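Everything below concerns the one structure shown next.
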Amino acid sequence: QVQLVESGGGLVQPGGSLRLSCAASGFILRYYDIGWFRQAPGKEREGISYISSSGGYTYYGDSVKGRFTISRDNVKNTVYLQMNSLKPEDTAVYYCATPRARYTTVVPPFDPIGYGYWGQGTQVTVSS
């Protein structure tokens with residue numbers, strides 16, 4: 001059974017940091033590109049970061065560029081999202097997702113149609 005599980009969310013003060021993890025089970029993550037998305041209450045889902053299967057290509061949305069870093073450990077079958085300088089507007093449920101097929105590049109990177117598997121999400125709340 002293919003499954004993606006996000007973890008690492010929580011409550012953090014503005015300016016703080018969190019590291020989210022996206023762990024895969026039922027398939028070998030190193031063959032797949034990964035996207036991170038988020039959705040705040042009352043807002044549309046927003047693509048925020050993308051990494052290729054090799055890790056050689058990364059892409060960020062304007063709202064997180066320079067503050068968030070995506071990486072992957074293909075030995076651990078896990079992708080990470082390091083989030084620094086967090087702001088209240090970063091408050092959302094964060095999701096990782098992957099295409100259904102190996103070696104599939106999603107173009108454009110944040111088109112949700114390109115993703116077939118989604119995790120259940122992890123809540124990030126930035127508040128003092």
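Everything numeric here is computed off the predicted structure, so don't read it as measured data.
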Has [X] got a side-chain atom pairing as donor or acceptor with [Y]'s backbone, closer than 3.5 angstrom?
| X | Y | value |
| --- | --- | --- |
| Arg72 | Leu29 | yes |
| Asn77 | Ile28 | no |
| Thr98 | Tyr117 | no |
| Asp73 | Lys76 | yes |

**Asked** Residues in salt bridge (charged side-chain N to carboxylate O under 4.0 Å, His left out) with Glu46, at least two apart?
**Response** Arg38

**Asked** Is there a side-chain contact (heavy atoms from CB on, under 4.5 Å) between Ile70 and Phe68 once you walk through the steps?
**Response** CA-CA 7 Å; Ile70 192 170; Phe68 290 13; over 6 Å; no

**Message:** When you group the ILVMFWY residues by side-chain heavy-atom contacts below 4.5 Å and let the links chain together, are Val79 and Met83 in the same group?
**Reply:** yes

**Request:** Decide whether Trp36 and Val126 are clustered together by the hydrophobic rule: side chain heavy atoms of Ile, Leu, Val, Met, Phe, Trp, Tyr closer than 4.5 Å, transitively.
**Result:** yes

**Prompt:** Is it the case that Asn84 and Ser17 place a side-chain donor and acceptor less than 3.5 Å from each other?
**Reply:** yes

Which heavy atom of [X] sits nearest to which heavy atom of [Y], and what is that distance?
| X | Y | answer |
| --- | --- | --- |
| Leu86 | Arg67 | CA-NH1, 3.9 Å |
| Leu81 | Ser49 | CD1-CB, 4.0 Å |
| Arg45 | Gln39 | N-NE2, 3.7 Å |
| Pro14 | Ser128 | CD-N, 3.7 Å |
| Pro99 | Val106 | CG-CG2, 3.6 Å |

**Request:** Mind running side-chain contact (heavy atoms from CB on, under 4.5 Å) on Tyr94 and Ile48 for me, showing each step along the way?
**Result:** CA-CA 9 Å; Tyr94 284 69; Ile48 56 173; 3.5 Å; yes

Please list every donor-acceptor pair under 3.5 Å in which a side-chain atom of residues 2-13 meets a protein atom from a residue at least two apart or in another chain.
unit_1	atom_1	unit_2	atom_2	d
Glu6	OE1	Gln120	N	3.0
Glu6	OE1	Gly121	N	2.8
Glu6	OE2	Cys96	N	2.8
Glu6	OE2	Gly121	N	3.4

**Item:** Counterpart residues, ring pair (Phe, Tyr, Trp, His ring centres under 6.0 Å), relative to Phe37 (two or more places apart)
**Value:** Tyr115, Trp118

**Prompt:** In chain order, what residues pass the ring pair (Phe, Tyr, Trp, His ring centres under 6.0 Å) check against Tyr59, with sequence neighbours excluded?
**Reply:** Phe110

**Asked** Applying salt bridge (Lys or Arg N to Asp or Glu O under 4.0 Å), which residue pairs with at least one partner in residues 95-118 are found, sequence neighbours left out?
**Response** none

**Message:** Would Tyr80 and Leu20 count as a side-chain contact (heavy atoms from CB on, under 4.5 Å) here? Give the steps.
**Reply:** CA-CA 6 Å; Tyr80 303 100; Leu20 304 184; over 6 Å; no

**Pairs flagged by side-chain hydrogen bond (donor to acceptor under 3.5 Å, both in side chains) wherever residues 20-34 is involved - sequence neighbours left out** = Asp33-Tyr50

**Pair Asp90 + Lys87: basic N to acidic O under 4.0 Å** = no

**Asked** Rounded to the nearest 0.5 Å, what separation is found between the CD1 atom of Ile34 and the OG1 atom of Thr58?
**Response** 14.0 Å

